[in-house]
Amino acid sequence: MSVRLSTALTAAATAILLTGTGTGVATARTTAGTAASAACRMAPGSVTAGGDHTRTIVTATSPPTVQETPVYTDIYPDGQVRLSGSLENDPDVTGTGGRFSGYVVMGSTLYGSGYLLKEDGSVDRPTVGLSRVGGGWGDATFFDSTTYWKYPDPPVLTSKYSLRSDGTLTRWDDRSGTVWSNKQTATGFAAVKTMALISQTATYDTFLANTRGGALYTIRIPRTSPMKPIVKQVRASTWQGFEAMVIEKCGVYGTILLGIDKDTGAGYLYAVGHANGTATVIKGLGKVPKTFTDPVYFRHVLRPGDNPMLFGE
């Protein structure tokens with residue numbers, strides 16, 4: 001059984017998510033027109049070649065600092081996971097140390113994935129499992145699931161997004177947790193290398209995307225049907241090196257962005273002001289002191305209703 005966190009417990013859970021301890025609360029501040037990121041943190045995770053789950057706490061100082069947290073081993077078969085959506089953490093499951101759940105693509109099949117922790121923080125091995133969602137994902141290059149919910153107020157809006165190698169962007173509505181409906185598609189995104197969610201609102205979601213040619217764009221997707229994305233250029237060049245991007249909220253309107261270059265194993269952190277086309281303020285905070293060589297990266301989040309909504313655009 002799981003119960004909804006109070007405001008105080010939500011803050012504590014956020015601290016646990018971002019620090020691996022029960023002390024301290026992650027905070028974020030902004031100053032005039034730009035993300036002042038001194039206290040902002042993010043929790044990028046990865047799936048290793050050996051099927052392990054990792055989580056690293058990156059603090060947006062300049063230069064950035066990192067804190068490693070325990071690795072959860074043998075969650076997946078070795079070398080099978082190609083893509084992962086955000087990994088959701090519910091820290092308040094009675095009689096356990098919490099639950100992790102999300103979606104992964106293995107080969108051409110999408111799976112729901114999840115496991116419980118014991119109260120000592122170790123993986124409860126009998127609970128590690130995969131649930132087949134469906135096939136036909138062999139040409140998918142990106143997947144994520146997002147829920148807009150400012151608890152306790154309605155609405156609760158969950159959407160699934162995928163990008164295929166032919167440039168087709170797809171959205172499904174998930175109103176029940178088990179049935180995906182109202183499939184909408186838009187074409188023309190074949191140049192996109194990777195993308196990351198940067199905004200969740202009641203009327204639209206927005207992704208930040210880089211292209212193989214080096215440009216950086218926002219892709220706003222209104223919740224209306226038919227789906228008609230609104231694309232704005234943020235930068236014209238130099239962003240082609242990142243095979244993965246992880247984003248976290250920083251202050252009310254800002255964002256911190258981790259760009260990962262798998263070819264070199266380097267990660268670079270940026271403070272990003274509220275996105276506004278080419279006028280968007282982007283400040284480089286430096287190279288993250290960690291090697292990023294895992295095949296798959298994703299964002300750690302708290303369960304819907306507890307995780308702060310992104311509002312970077």
Problem - Close side-chain approach of F100 and S113, heavy atoms under 4.5 Å - result: no
Handout entry: Residues in side-chain contact (heavy atoms from CB on, under 4.5 Å) contact with T293, at least two apart in sequence or another chain
Key = T291
Practice task
Please collect all ring pair (Phe, Tyr, Trp, His ring centres under 6.0 Å) contacts where either partner lies in residues 220-242, sequence neighbours excluded, each pair once.
Solution key: W239-F242, W239-Y270
Exercise for the section: Verify whether one side chain among T206 and E313 offers a donor that lies under 3.5 Å from an acceptor in the other. Expected result: yes
Handout entry: Residues that D166 engages under side chain to side chain donor-acceptor pair (under 3.5 Å), provided they are two or more places apart
Key = T168
Handout entry: Inter-residue atom distance L257.CG - Y268.OH, 0.5 Å rounding
Key = 13.5 Å
Exercise for the section: Would you list the pairs meeting salt bridge (charged side-chain N to carboxylate O under 4.0 Å, His left out) in which at least one residue belongs to residues 73-87, sequence neighbours left out? Expected result: none
Practice task
Give a yes or no on whether the backbone of G277 and the side-chain of R235 come within a donor-acceptor separation of less than 3.5 Å.
Solution key: no
Problem - Residue pairs passing the salt bridge (charged side-chain N to carboxylate O under 4.0 Å, His left out) test where at least one lies in residues 129-152, sequence neighbours excluded - result: D139-R164
Problem - Donor-acceptor pair between R55 and T69 side chains, under 3.5 angstrom - result: yes
Fill in the blank from the handout: Residue pairs passing the salt bridge (charged side-chain N to carboxylate O under 4.0 Å, His left out) test with at least one member in residues 106-127, sequence neighbours excluded, are none
Exercise for the section: Kindly indicate whether the side chain of D173, heavy atoms from C-beta on, has any atom under 4.5 Å from the side chain of S181. Expected result: yes
Handout entry: Heavy-atom check, side chain of L285 versus side chain of P63, under 4.5 Å
Key = no
Handout entry: Heavy-atom closest contact (L269 atom, V58 atom, distance)
Key = CD2-CG1, 3.9 Å
Handout entry: Minimal non-hydrogen separation, M42 against I256, with atom names
Key = CE-O, 3.3 Å
Practice task
Measure the OG-CD1 distance between S199 and I221 for me, rounded to the nearest 0.5 Å.
Solution key: 11.5 Å
Problem - Results of side-chain contact (heavy atoms from CB on, under 4.5 Å) for E88 - residues two or more places apart only - result: S101, V301, R303, P304
Handout entry: Nearest-0.5 Å distance that lies between atom NZ in K283 and atom OG in S62
Key = 6.0 Å
Practice task
Answer whether the closest heavy-atom distance between the side chains of T54 and T48 falls below 4.5 Å.
Solution key: yes
Problem - Euclidean distance, T59 OG1 relative to R41 CZ, rounded to 0.5 Å - result: 4.5 Å
Practice task
Locate the shortest heavy-atom distance separating V192 from A209; write the atom from each residue and the value.
Solution key: CG1-CB, 4.0 Å
Problem - Test item: I198 and L310 side chains (from C-beta on) under 4.5 Å apart, heavy atoms - result: no
Exercise for the section: Taking K249 for its side chain and P308 for its backbone only, find out whether a donor-acceptor pair lies under 3.5 Å. Expected result: no
Problem - Salt bridge flag under 4.0 Å for residues E68 and K290 - result: yes
Practice task
For residues 258-278, pull every pair meeting salt bridge (charged side-chain N to carboxylate O under 4.0 Å, His left out), keeping only residues two or more places apart or in separate chains.
Solution key: none
Handout entry: Any Y72 side-chain heavy atom under 4.5 Å of D52 side chain
Key = no
Problem - Side-chain touch Q233/L216, heavy atoms, less than 4.5 angstrom - result: no
Problem - Partners passing side-chain contact (heavy atoms from CB on, under 4.5 Å) against S84 (at least two apart in sequence or in another chain) - result: V104, V296, F298
Handout entry: Which residues share a ring-ring contact (aromatic ring centres under 6.0 Å, His included) with Y76, sequence neighbours left out
Key = H53
Practice task
Could you tell me which residues satisfy side-chain contact (heavy atoms from CB on, under 4.5 Å) with S131, sequence neighbours excluded, listed by chain and number?
Solution key: none
Practice task
Give the cluster check for M227 versus I230: same hydrophobic cluster or not, with ILVMFWY residues linked at side-chain heavy-atom distances below 4.5 Å.
Solution key: no
Practice task
Determine, using the 4.5 Å side-chain heavy-atom cutoff (strictly less than), whether V133 and F143 are members of one ILVMFWY cluster.
Solution key: yes
Exercise for the section: Indicate yes or no: at least one non-hydrogen side-chain atom of V234 is less than 4.5 angstrom from one of T218. Expected result: yes
Show me the side-chain donor-acceptor pairs of residues 154-161 shorter than 3.5 Å, one per line, residues at least two apart or across chains.
| from | atom 1 | to | atom 2 | distance (Å) |
| --- | --- | --- | --- | --- |
| T158 | OG1 | T147 | OG1 | 2.8 |
| S159 | OG | R223 | NH1 | 3.4 |
| K160 | NZ | Y103 | OH | 3.3 |
| K160 | NZ | S145 | OG | 2.9 |
| K160 | NZ | D174 | OD2 | 3.3 |
| Y161 | OH | D205 | OD2 | 2.7 |

